[in-house]
Amino acid sequence: MSFPLLTLTAAVPAVGAILTAAVPAARRTAAKWLALLFSLATLVLAAVVFVRFEPGGERYQLTESHAWIKDFGVRYELGVDGIGVALIALTALLIPFVILAGWHDADPLETKSSRWRPTQGFFALILMVEAMVILSFEATDVFLFYILFEAMLIPMYFLIGGFGDRAHAGTDENAAAQRSYAAVKFLLYNLVGGLIMLAAVIGLYVVAGNFSLTEIAEARANGSLDMATNTERWLFLGFFFAFAVKAPLWPLHTWLPNAMGEATAPVAVLITAVVDKVGTFAMLRFCLGLFPEASKWATPAIIVLALISIVYGALVAVGQRDIKRLVAYASISHFGFIVLGIFAMTSQGQSGATLYMVNHGISTAALMLVAGFLISRRGSRLIADYGGVQKVAPVLAGTFLIGGLATLSLPGLAPFVSEFLVLVGTFSRYPVAGVIATTGIVLAALYVLVLYQRTMTGPVKEEVRSLPDLRPRELAVVVPLIAVLIFLGVFPKPLTDVVNPAVRHTMSDVQQKDPQPEVEAAK
């Protein structure tokens, strides 16, 4: 039996979560350092997975398979393709920065009882989410994936509802109620999606006789498994609905602005940059892999929903008065681009969508975490409460600008490469959809630049005159993220080399080829 590297990569943060939660209440700082240490160890293991993965090799590598629930054909089955490897790397990269950025977010308030020990729980929950997300990117057993897909909701619920944004904690009597509402809404939306997916998972077992993604794919390829058209379509819809809620795709998106607005900035990054990627990843791995014909049947409707997400999210972001809700609606627009690239059914579109998952995670983390540092200083999320920040905190303003420019996909920064590929891939098969999607770029420039203008430029407001610039810990969070954005914007080859072979496999699953350009014969 080969070394269980994939299991170890997920087990390290899980063990770290248990040990962090067990640290005595009086040693909060030790709990923080312990959580950071385990997150860095996970990053090292993710780097080993990335290096050991061979882009030209088997589709699923570093595989593990063990019997689990024999009576129902459930196996503990793991394997990674290029898409999974890229997203594992993203998750492992972001978690140490999330922990550093939230270093003081869970420190007890003076009004709390000394017996209340949230700090250990806060960092333990972050590590537990990391473990579940990584394992979900590795799972090739559908039932195992479903368990992880649902289980990660529990720690996220407590992170949103129990450790909310303190920007208005001292002045807003409804702060606790708002956090509770956001957490419950997040949980209910995702639970409904998960229950519908459970019905589809059971239906898949009835039809296929097992939960193994690889065995089902082989059975379809050799003709031993032939799903009825209507059956495949209903199963596809059950899976896709759950993934569209998680993604989030319009009109199933309304939980995201509440959750990101009420959560701390690091937890908001955990939601949109890490957890939500499970939804779009699953569309590629399970929707297209298990139900190729149904995926092609549903493509026109899904493209329409993706276009609405792109335009709607950007338009609503333009009118936002709350910094964090603006980033949330911008993310809805960006997820529309990801879904559009997936269902454009072109290699450029799907490569761009996968790169977009990675690049959006990094750019949103940079922008949201700097915004969180700004909000913690001023104690307000309202854009109108700022002005002239660049004169008193130039480094903070400069990093905020770079994060914003990455969000609007400025050439030279990582998101530009992915957005360009999505648009090219979409236009080659659906020209009208490609043209409509470009409006999202224009609107992104509008909401990002207006946000920067209103918060960072102009006369210095009295309330921001004493704002300190970024501290060393905060610089340690932001500078590496910006460096990665620039590196992948100039040299995306390390990611594209890993992703492209996996995309070719997905295109083969749905039996699609890239459209050939029409060239008029020379006269």
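What you see below is based on every heavy atom in this structure, not just the backbone, and it leaves out hydrogens, waters and symmetry mates. Not measured: the values here are computed from a predicted model.
Nearest approach of A244 to L252, heavy atoms of both residues: CB-CD1, 3.9 Å. Contact record, L195 with E150: N-OE2, 4.3 Å, taken as the closest heavy-atom pair. Scanning both residues, S331 and H360, for their nearest heavy atoms gives OG-NE2, 3.3 Å. Contact record, E130 with A92: OE2-CA, 3.7 Å, taken as the closest heavy-atom pair. Nearest heavy atom pair, residue T364 against residue V269, reads O-CG2, 4.4 Å. Considering every non-hydrogen atom in both L78 and L144, the closest pair reads CD2-CD2, 3.9 Å.
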- H253 and Y312: CA distance, side-chain angles, deciding distance, ring-ring contact (aromatic ring centres under 6.0 Å, His included) verdict: CA-CA 11 Å; H253 67 283; Y312 167 83; 5.1 Å; yes
- Message: Between S212 and E77, is the side-chain hydrogen bond (donor to acceptor under 3.5 Å, both in side chains) condition met? List the steps.
- Response: CA-CA 8 Å; S212 173; E77 194 171 85; 2.8 Å; yes
- Message: Go through it in stages, so that I can follow the logic: the residues are S295 and M345, the test is side chain to side chain contact (heavy atoms under 4.5 Å, CB included), and I'd like the CA-CA distance, side-chain angles, deciding distance and then a yes or no.
- Response: CA-CA 10 Å; S295 298; M345 300 294 183; 4.0 Å; yes
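For the ring-ring contact (aromatic ring centres under 6.0 Å, His included) test, residues two or more places apart in sequence or in another chain that qualify with F240 are F236, F343. Every residue was checked against the ring-ring contact (aromatic ring centres under 6.0 Å, His included) condition with F373, not counting sequence neighbours, and none meets it. For E232, the salt bridge (Lys or Arg N to Asp or Glu O under 4.0 Å) criterion is met by R220, not counting sequence neighbours. Scored by the side chain to side chain donor-acceptor pair (under 3.5 Å) test, E64 finds T7 as partners (sequence neighbours excluded).
Atom CG of N230 sits about 11.0 Å away from atom CG of L235, to the nearest 0.5 Å.
Within 6.0 Å of the OH atom in Y60, the count of heavy atoms belonging to other residues, nucleotides or ligands exceeds 12. Remark: R233 CZ is packed, more than 12 non-hydrogen atoms of other residues, nucleotides or ligands lying under 6.0 Å away.
With 3.5 Å as the limit, one finds no donor-acceptor pair spanning the side chains of T506 and Q350. Side-chain contact annotation: Q390 with Y452, donor-acceptor N/O pair under 3.5 Å present.
Each side chain to side chain donor-acceptor pair (under 3.5 Å) pair with one or both residues in residues 181-204, not counting sequence neighbours, appears once here: K185-N258, Y189-T254. The list of ring pair (Phe, Tyr, Trp, His ring centres under 6.0 Å) pairs with a residue in residues 196-221, not counting sequence neighbours, reads F143-F211, Y205-F211.
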